[in-house]
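Here the structure is laid out as structure tokens; the discussion comes afterwards.
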Amino acid sequence: MTKARIAVVGAGLMGHGIAQVFALAGHDVTITDSAAKNLATVQSRIAANLRDLGDDERAVSRVTPCADLAEAVREADYVVEAVLEDLPLKQKLFSDIERHVRPDTILASNTSVIPITSIMQGLKQRERALGTHWWNPPFLVPLVEVIETQWTAPNVIAWAMVLHQTAGKKPAHVKKDVPGFIGNRLQHALWREAISLVEQGICDAQTVDDVVKASFGRRLPVLGPLENADLVGTDLTLAIHEIVLPAIDSRPEPSPYLKSLVAEKKLGFKTGEGFRKWSPDEQAALRAKVMRFLKSMHDR
Ligand SMILES: NC(=O)c1ccc[n+]([C@@H]2O[C@H](COP(=O)([O-])OP(=O)(O)OC[C@H]3O[C@@H](n4cnc5c(N)ncnc54)[C@H](O)[C@@H]3O)[C@@H](O)[C@H]2O)c1
């Protein structure tokens, strides 16, 4: 793909990592943020990540911080937004962005769960808008879900797929703008049952995590669920579903047990207890373990 001019709006956790990936792929990136301190540190954060990963640190020279939104997006071929998860904020931002960009500039939101259709409905040219859902950290987790709305032009999806593919990511085309897209629907279907097992007293929280990590979790990086279903046979999968599906949790709302944890301020790491108790050392150890593992997968 030829070099593109990319603008990233929001220089937080996701925005700086997205800028890093595109700069490393050779694109020119401007990045803007309403908080001066986040913009002031963006280049040093990217340089530190590049150093840590053994990537070419000179890529940071292709990232230009820019305090003014209009100036940051004016020359862009592609704008990706990664500001706070707030619908009115995102809607207002895209209406501002549209006033400053060319008619053919492609506009994307990195929202986690807000429907792309809701964010982009006020645009004058909705065919240029799509969702691109990255996973944290953007420079270590390969997937980017490329989300089509009812208005998105096919050439916009095709361009975004190539953009992410050639930047070393694994883009997945989501053909309908549904809540949770693909990855989070699958992830939270599993979390619902995980919570339900604890709620019913079938096992404790640590056992749920041990079972996942020591069984199908071992195979997941190389064997997706539908590859697995084909491997064992759709007939066996059907036979299992006849027995298991009526027994597993299908409630269409969050679990009362989860609600009670939140009400009791058992919020997980941030309060030292959630499903389990977490000392500061245990929290740091788990975070470090996840990063070490993601880096080892990245090196392959
Ligand atoms: N954190 C994750 O794991 C993750 C994963 C996928 C998607 N997302 C989504 O990405 C988006 C950003 O999340 P994050 O975790 O990077 O948040 P963050 O809080 O780290 O960063 C958000 C940044 O947006 C800036 N900002 C706020 N209003 C702005 C405005 N009007 N103009 C410019 N900048 C503004 C803030 O100053 C901040 O630097 C959210 O929509 C989030 O749901 C997050």
Side-chain angles (χ1 to χ4, degrees), residues 6-22 29-46 48-49 63-74 76 78-101 107-120 122 129-147 160 164 167 169-172 174 177-188 191 267-270 283 286-287 290-291 293-294:
I6 295 177
V8 178
V9 183
L13 187 67
M14 297 304 290
H16 91 284
I18 293 169
Q20 175 182 327
V21 169
F22 285 136
V29 182
T30 55
I31 185 160
T32 187
D33 198 291
S34 54
K37 71 171 189 324
N38 292 356
L39 207 53
T41 58
V42 72
Q43 285 177 310
S44 60
R45 283 182 284 143
I46 292 174
N49 296 339
V63 179
T64 308
C66 179
D68 183 56
L69 175 72
E71 197 187 321
V73 302
R74 190 169 292 127
Y78 179 72
V79 180
V80 54
E81 164 275 315
V83 303
L84 307 177
E85 190 76 337
D86 175 321
L87 177 59
L89 172 69
K90 289 185 193 284
Q91 287 171 327
K92 158 112 185 24
L93 199 56
F94 276 105
S95 118
D96 288 347
I97 291 169
E98 198 177 35
R99 284 192 286 113
H100 301 298
V101 293
L107 307 180
S109 173
N110 180 52
T111 176
S112 300
V113 291
I114 303 174
I116 308 302
T117 308
S118 308
I119 296 172
M120 304 299 187
L130 75 164
T132 54
H133 180 230
W134 296 63
W135 292 64
N136 183 46
F139 42 87
L140 285 178
V141 182
L143 182 70
V144 179
E145 290 169 285
V146 173
I147 304 128
H164 293 92
K169 306 310 295 178
K170 177 107 186 135
V174 184
D177 181 24
V178 292
F181 314 128
I182 301 170
N184 271 324
R185 286 171 88 95
L186 291 166
Q187 179 167 235
H188 288 280
W191 290 20
L267 304 181
F269 280 18
K270 64 185 103 167
Q283 294 182 25
L286 184 54
R287 287 189 201 281
V290 172
M291 284 305 281
F293 176 74
L294 291 177

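Side-chain atoms are counted along with the backbone in the values below, which use heavy atoms only and exclude waters and symmetry mates. All ligand and atom numbering here is 1-based and tracks the order in the structure.
What sits closest to atom 14 (P) of ligand 1 on the protein, heavy atoms only, is Met14 CG, 3.9 Å. Nearest protein heavy-atom neighbour of atom 20 (O) of ligand 1: Leu13 N, 2.9 Å. The nearest protein atom to atom 35 (C) of ligand 1, hydrogens excluded, is given as Ser34 OG, 3.2 Å; this is a heavy-atom distance. From the protein, the heavy atom lying nearest to atom 21 (O) of ligand 1 is Gly12 CA, 3.3 Å. Considering only non-hydrogen protein atoms, atom 36 (C) of ligand 1 sits nearest to Asp33 OD1, 3.4 Å. Residue, atom and distance of the protein heavy atom nearest to atom 41 (O) of ligand 1 are Glu85 OE1, 2.5 Å.
Polar contact with ligand 1: absent for Leu93 (N/O pair, distance under 3.5 Å). Residue Gly15 has no nitrogen or oxygen atom sitting less than 3.5 Å from a nitrogen or oxygen atom of ligand 1, judged on distance alone. Between His133 and ligand 1, not a single N/O pair is under 3.5 Å apart. For the pair Ser112 and ligand 1, the shortest N or O to N or O distance falls below 3.5 Å.
Using bins of under 30°, 30° to 60° and over 60° for the plane-to-plane angle, the ring pair His16/Phe139 lands in the perpendicular bin.
Interface of Ala35 with ligand 1, defined as ligand atoms under 4.0 Å from a residue heavy atom, comprises 37 (O). Listed by number with element, the atoms of ligand 1 under 4.0 angstrom from any heavy atom of Lys90 are 40 (C), 41 (O). In summary, the atoms of ligand 1 found under 4.0 Å from a heavy atom of Leu89, numbered by their order in the structure, are 28 (N), 31 (N).
Expressed to the nearest 0.5 Å, how far OG of Ser112 lies from CZ of Phe181 amounts to 8.0 Å. Distance CG/Leu130 to OH/Tyr78: 5.5 Å, rounded to 0.5 Å. Taken to the nearest 0.5 Å, the CH2 atom of Trp191 stands 13.0 Å off from the CG atom of Leu186.
Residue contacts with ligand 1: Trp134 is included, with a non-hydrogen atom under 4.0 Å away. Under the 4.0 angstrom criterion for non-hydrogen atoms, His16 is not in contact with ligand 1. Heavy atoms of Glu81 come nearer than 4.0 angstrom to ligand 1 in no pair at all.
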Audit row: Leu93, Leu69, side chain to side chain contact (heavy atoms under 4.5 Å, CB included) steps and yes/no: CA-CA 9 Å; Leu93 199 56; Leu69 175 72; 4.0 Å; yes
Candidate pair Ile18 and Asn110, rule side chain to side chain contact (heavy atoms under 4.5 Å, CB included), full reasoning: CA-CA 10 Å; Ile18 293 169; Asn110 180 52; 4.0 Å; yes
CA sep, side-chain torsions, deciding dist, call: His164, Phe22, side chain to side chain contact (heavy atoms under 4.5 Å, CB included): CA-CA 8 Å; His164 293 92; Phe22 285 136; 3.7 Å; yes
Derivation and outcome, side chain to side chain contact (heavy atoms under 4.5 Å, CB included), residues Asp68 and Thr32: CA-CA 7 Å; Asp68 183 56; Thr32 187; over 6 Å; no
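Only the side chain of Asn38 comes within 4.0 Å of ligand 1, judged by heavy-atom distances.
Looking at Val141, Asn136, Asp86, it is Asn136 that brings a heavy atom closest to atom 3 (O) of ligand 1. Across Val83, Asn110, Thr132, heavy-atom proximity to atom 12 (C) of ligand 1 is greatest for Val83. Comparing Thr111, Asp96, Leu84 by heavy-atom distance to atom 19 (O) of ligand 1, the nearest is Leu84.
Side chain of Arg45 to main chain of Asn38: a donor-acceptor pair is present (N/O by atom type, distance under 3.5 Å, no hydrogens or angles). A donor-acceptor distance shorter than 3.5 angstrom exists from the side chain of Glu145 to the backbone of Gly183, with no hydrogens or angles considered.
Two residues are said to be in side-chain contact when any heavy atoms from C-beta on lie closer than 4.5 Å; Gln20 and Pro138 fail this criterion.
Distance remark: protein heavy atom present below 4.0 angstrom from atom 1 (N) of ligand 1.
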